[in-house]
Peer 1: 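This structure is in structure tokens; I'll ask about it shortly.
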Amino acid sequence: MTQYNLTHLDKLESEAIYIMREVSAQFERPALLFSGGKDSIVMGHIAYKSFFPAKIPFPFLHIDTGHNFPETIEYRDNYTNKINAKLVVGSVEESIQKGRVKEETGKHASRNYLQTTTLLDTIEENKFDCCIGGGRRDEEKARAKERFFSHRNEFGEWDPKNQRPELWDIYNGRYNVGEHFRTFPLSNWTEMDIWQYILKEQIQIPKLYFSHIRKCIIRDGVILAYSNHINMDETEINNAKEMQVRCRTIGDMNCTGLTESTASTLEEIVNEVAQIRSSERGTRADDKRSETAMEDRKKEGYF
């Protein structure tokens, strides 16, 4: 008798495809949050497989702070064109110009926190009723509280104590006018799962994830890429040096911590991740603002 055995990656992919199709079935105007990072790339790949040979039935949504790595924006545009996906971009710069948010000042200024207002404005403008995110429970303690279907109220706020039960893979996507949902198909994935899946599927990813030589500064123990987007003092400018690094997670240039690494292939990245005992979010400067930085932002409407 023929045996059909699924690997753990096959099971995770099947679960994510099921969530994608549930979102498409239950919501009228969903969107997939796409940053050009590894998790959103895997989501894009799974969305493509979920509806092939038909076109992906929802647009990709990117909240552009204006302080992204140039390589990320280049990849975003090339990837969405490659799979023929519609791309919607919300601009933090436009939010600043309109007076919707105020630019932070000082040495540790970042636009990462300002994304929340731009995201909620873009959701309202496009009448999106569900945004598919790439959050994983192993990333950070606030994300560990998320359900697959995460309800947001009319202000876009998240209440972790008021979420709906999810029994037997049954998801309740009902909402009142003005409310919406965030869904997380990769909730049960780990960082290792993501890299093993990228290796298995041979998915093209931004070169930032591979080891490269880059001019960097070290701030509060975090390696940051030297950039005009970072407010550096004279000491940091004078001590900037070239280092062999790569990204474990990609965000704004002023908050994305780099990792010293020689991993230049997918196989080497998988082997490196297998030996790391710290969370990838541990290199993010924006998560170090307070113990509850991520949860506070999520409650206000963050990804």
Peer 1: Cut-off 3.5 Å, side chains only: do S211 and T262 have a donor facing an acceptor?
Peer 2: no
Peer 1: With a 3.5 Å distance limit and no angle check, can you tell me whether E268 reaches the backbone of S264 through a side-chain donor-acceptor pair?
Peer 2: yes
Peer 1: Between the side chains of H151 and E179, is a donor N or O closer than 3.5 angstrom to an acceptor N or O?
Peer 2: yes
Peer 1: So does E93 get a backbone contact from the side chain of S91, meaning a donor-acceptor N/O pair under 3.5 Å?
Peer 2: yes
Peer 1: Are side-chain N/O atoms of D193 and T190 paired as donor and acceptor at under 3.5 Å?
Peer 2: yes
Peer 1: If you apply the rule side-chain contact (heavy atoms from CB on, under 4.5 Å), what do you find for I217 with M232, and how did you get there?
Peer 2: CA-CA 9 Å; I217 66 169; M232 295 175 285; 3.8 Å; yes
Peer 1: So, Q115 side chain and R111 main chain: donor-acceptor pair closer than 3.5 Å or not?
Peer 2: no
Peer 1: Taking T72 for its side chain and G36 for its backbone only, find out whether a donor-acceptor pair lies under 3.5 Å.
Peer 2: no
Peer 1: Using 0.5 Å steps for rounding, measure from the CD1 atom of I46 to the CG atom of L186.
Peer 2: 5.5 Å
Peer 1: If you round to the nearest 0.5 Å, how far is CG of D39 from OG1 of T249?
Peer 2: 7.0 Å
Peer 1: Is the backbone of R248 close enough, under 3.5 Å, to the side chain of K38 for a donor and an acceptor to pair up by distance?
Peer 2: yes
Peer 1: Quiz question: by atom type and distance under 3.5 Å, do the side chains of R29 and N126 form a donor-acceptor pair?
Peer 2: no
Peer 1: Step by step, work out the salt bridge (Lys or Arg N to Asp or Glu O under 4.0 Å) result for E191 and R136.
Peer 2: CA-CA 8 Å; E191 182 184 10; R136 308 190 323 270; 5.2 Å; no
Peer 1: Looking at every heavy atom in both M20 and P185, which two are closest together, and how far apart are they?
Peer 2: CE-CG, 4.2 Å
Peer 1: Begin from the C-alpha positions of N188 and L12 and carry the test side-chain contact (heavy atoms from CB on, under 4.5 Å) through to its verdict.
Peer 2: CA-CA 7 Å; N188 287 335; L12 289 171; 4.0 Å; yes
Peer 1: State whether a side-chain donor-acceptor pair under 3.5 Å links R76 with H62.
Peer 2: yes
Peer 1: Between T235 and N238, is there a side-chain donor-acceptor contact under 3.5 Å, judged purely by atom types and distance?
Peer 2: no
Peer 1: Considering all heavy atoms of both residues, which atom of P59 and which atom of V88 are nearest to each other, and what is their separation?
Peer 2: CB-CG2, 4.1 Å
Peer 1: State, to 0.1 Å, how close F210 and T265 come at their nearest heavy-atom pair, and which atoms those are.
Peer 2: CE2-C, 3.8 Å
Peer 1: Between OG of S227 and NE2 of H67, what distance do you get to the nearest 0.5 Å?
Peer 2: 7.5 Å
Peer 1: What class does the angle between the rings of Y197 and H45 fall in, given that below 30° is parallel, 30 to 60° is tilted and above 60° is perpendicular?
Peer 2: perpendicular
Peer 1: Testing the 3.5 Å rule here: is there a donor-acceptor pair between the side chains of E104 and Y113?
Peer 2: no
Peer 1: When the ring planes of Y171 and F149 are compared, do they come out parallel, tilted or perpendicular, using 30° and 60° as the limits?
Peer 2: parallel
Peer 1: side-chain hydrogen bond (donor to acceptor under 3.5 Å, both in side chains) for T117 and S95? Distances and angles first, verdict last.
Peer 2: CA-CA 8 Å; T117 298; S95 296; over 6 Å; no
Peer 1: Judged by atom type as modelled, is there a donor-acceptor pair below 3.5 Å linking the side chain of Q275 to the main-chain atoms of E272?
Peer 2: no
Peer 1: Give a yes-or-no answer on whether the side chains of D252 and T65 include a donor-acceptor pair shorter than 3.5 Å.
Peer 2: yes
Peer 1: Search all heavy atoms of G134 against all heavy atoms of F184 and return the closest pair with its distance.
Peer 2: N-CD2, 4.5 Å
Peer 1: D64 side chain to G66 main-chain N or O, any donor-acceptor pair under 3.5 Å?
Peer 2: yes
Peer 1: Could you pull out the closest heavy-atom pair between I17 and S50, with the gap in Å?
Peer 2: CG1-OG, 3.5 Å
Peer 1: Under 3.5 Å, is there a donor on one side chain and an acceptor on the other for D77 and N81?
Peer 2: no
Peer 1: Does atom NZ (K200) have a neighbourhood of more than 12 heavy atoms from anything else shown, all under 6.0 Å?
Peer 2: yes
Peer 1: About how many Å separate CG of L61 and CG of L87, when rounded to the nearest 0.5 Å?
Peer 2: 8.0 Å
Peer 1: For the NZ atom on K49, are there more than 12 heavy atoms of other groups (residues, nucleotides or ligands in this structure) within a distance under 6.0 Å?
Peer 2: yes
Peer 1: Return yes if a side-chain donor-acceptor contact under 3.5 Å exists between Q244 and H212, otherwise no.
Peer 2: no
Peer 1: Begin with the C-alpha distance, continue with both residues' side-chain angles, and end with the deciding distance and a verdict on side-chain contact (heavy atoms from CB on, under 4.5 Å) for L258 and V222.
Peer 2: CA-CA 7 Å; L258 307 176; V222 177; over 6 Å; no
Peer 1: Taking the side chain as C-beta and beyond, is there a heavy-atom pair between F51 and S24 under 4.5 Å?
Peer 2: yes
Peer 1: Measure the spacing between CG of L33 and CD1 of I132 and express it to the nearest 0.5 Å.
Peer 2: 8.0 Å
Peer 1: At their closest point, which heavy atom of W189 faces which heavy atom of I194, and how far apart are they?
Peer 2: CE3-CD1, 3.6 Å
Peer 1: Salt bridge (Lys or Arg N to Asp or Glu O under 4.0 Å) for R214 and E242? Distances and angles first, verdict last.
Peer 2: CA-CA 5 Å; R214 181 179 291 270; E242 289 192 341; over 6 Å; no
Peer 1: Would you call the rings of Y75 and Y79 parallel, tilted or perpendicular if under 30° counts as parallel and over 60° as perpendicular?
Peer 2: parallel
Peer 1: I'd like to know if the side chain of R182 reaches the main chain of C131, judged simply by a donor and an acceptor atom lying under 3.5 Å from each other, with no hydrogens or angles considered.
Peer 2: no
Peer 1: Would you check if the side chain of D129 reaches a backbone N or O of E28 as a donor-acceptor pair within less than 3.5 Å?
Peer 2: yes
Peer 1: Kindly indicate, with the supporting measurements, whether the criterion salt bridge (Lys or Arg N to Asp or Glu O under 4.0 Å) is fulfilled by E94 and R100.
Peer 2: CA-CA 9 Å; E94 289 185 10; R100 292 285 295 146; over 6 Å; no
Peer 1: Is it true that atom CD of E124 has more than 12 heavy atoms of other residues, nucleotides or ligands lying nearer than 6.0 Å?
Peer 2: no
Peer 1: Side chains of N239 and E236: donor-acceptor distance under 3.5 Å anywhere?
Peer 2: no
Peer 1: Is there a side-chain contact (heavy atoms from CB on, under 4.5 Å) between F58 and I56? Walk through the geometry before answering.
Peer 2: CA-CA 6 Å; F58 40 74; I56 298 174; 3.5 Å; yes
Peer 1: Does S40 reach the main-chain N or O of S35 with its side chain, forming a donor-acceptor pair under 3.5 Å?
Peer 2: yes
Peer 1: Could you label the plane-to-plane angle of the F34 and F60 rings as parallel, tilted or perpendicular, counting under 30° as parallel and over 60° as perpendicular?
Peer 2: tilted
